[in-house]
Amino acid sequence: MPRLRGLHHLAFSTADMKAQIAFFSEVLGMRLTALFWMHGVPGAWHGFLELDDNASVAFVAMPDNAKGKSELGSSHAAHGGGPSAPGTMQHVAFNVESMEDLVAFRNRIRQNGVPVFGPVDHGFCQSIYFAGPEGLNLEISTSLSPPDPDEWIDPEVVALAGISAEELAAFRNPPAGPGARPETPQPAFDPARPHLKYPPAVYEKLLEMPDEVYMARASYNEPPVRKLAADPAE
């Protein structure tokens, strides 16, 4: 049965693509794998740095990004324990396989002149904390095993979240993934559900557009640089 597995890419807005690439490459050792005009978004460009074969950290540079104001406690948390506005990213944690790797990263980050704190033992994981360019709150963690829900779901916090016993049971055992369910058309517009923010007239047309038409119009699958085919004689 299909299920979500890991991270494909995590995208941040940036007003300084070079600084972000330099930090994630030089400080964290991540390989730049793509840097190109963002498909279908005039004036925007995209950079990808590799976490592993299937996951990347991405940055999006748009002409208007620099006009936005980063504000601690609103657009950004000041640190891993600080508040930020609902829907903003409070922090991101990357994974390593062992405590030895975690300490090695702490040393590497410090050798690049960046302060880093920890490890801190959280029980089901151990973590170090540091900052990235443009106010990013970053963490690297390691776990020997995933948290046991019987130990790590606190009844007091369940009640604080307004979750009933029936809801908790359902959350702990969610329905199976999409599997072989029949093709499902786009649902009718419901203002109570989450929506991408397009101009209303544009969004109405998008909702009415058949999937195959959207794919044909929105897809850009040619890389910006074509590699020469290898000579079979070589």
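Because the structure is predicted, anything quoted here is derived from the model rather than measured. In this chain, residues are counted from 1 in sequence order.
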Looking only at non-hydrogen atoms, find the nearest pair between [X] and [Y] and report the distance.
X      : Y      : value
Ser143 : Cys125 : OG-CB, 3.1 Å
Ala15  : Glu134 : N-OE2, 2.8 Å
Met17  : Gly47  : CE-N, 3.6 Å
Val60  : Asn65  : O-ND2, 3.0 Å
Ile128 : Gly118 : CG2-C, 3.8 Å
Ser25  : Leu49  : N-CD2, 4.1 Å

Checklist entry - Does the ring centre of Phe59 sit less than 6.0 Å away from the ring centre of Phe24? => result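 Yes; Phe59 has its ring centre under 6.0 Å from that of Phe24.
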Checklist entry - Are His195 and Tyr198 close enough that their ring centres sit under 6.0 Å apart? => result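 His195 vs Tyr198: aromatic centres not under 6.0 Å.
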Item to check | Beyond-backbone contact of Gln20 with Phe12, side-chain heavy atoms, under 4.5 angstrom | outcome: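 No, every pair of side-chain atoms sits at 4.5 Å or beyond.
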Checklist entry - With sequence neighbours left out, which residue pairs that include part of residues 17-35 fulfil the salt bridge (charged side-chain N to carboxylate O under 4.0 Å, His left out) condition? => result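 Pairs touching residues 17-35 that pass the test: Arg31-Glu50.
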Item to check | Ring geometry between Phe36 and His39 (parallel below 30°, tilted from 30 to 60°, perpendicular above 60°) | outcome: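 Tilted: the ring planes of His39 and Phe36 meet at 30° to 60°.
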Checklist entry - Backbone N or O of Val96 within a donor-acceptor pair of the Thr142 side chain at under 3.5 Å? => result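 Yes: the side chain of Thr142 pairs with the backbone of Val96.
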Checklist entry - Are the side chain of Ser164 and the backbone of Gly162 linked by a donor-acceptor contact shorter than 3.5 Å? => result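 Between the backbone of Gly162 and the side chain of Ser164 there is no qualifying donor-acceptor contact (under 3.5 Å).
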Next on the checklist: Test of understanding: with side chain to side chain donor-acceptor pair (under 3.5 Å), list the residues that count as partners of His91, not counting sequence neighbours.
Outcome noted: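 Glu139.
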Checklist entry - Out of curiosity, Gln90 CD to Asn137 CG, how far, rounded to the nearest 0.5 Å? => result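 One finds 6.0 Å between CD of Gln90 and CG of Asn137.
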Next on the checklist: What verdict does the salt bridge (Lys or Arg N to Asp or Glu O under 4.0 Å) test give for Asp150 and Arg172, after you've listed the backbone C-alpha separation in whole Å, the side-chain angles of each residue and the deciding distance to 0.1 Å?
Outcome noted: CA-CA 10 Å; Asp150 290 335; Arg172 289 189 55 169; 2.9 Å; yes
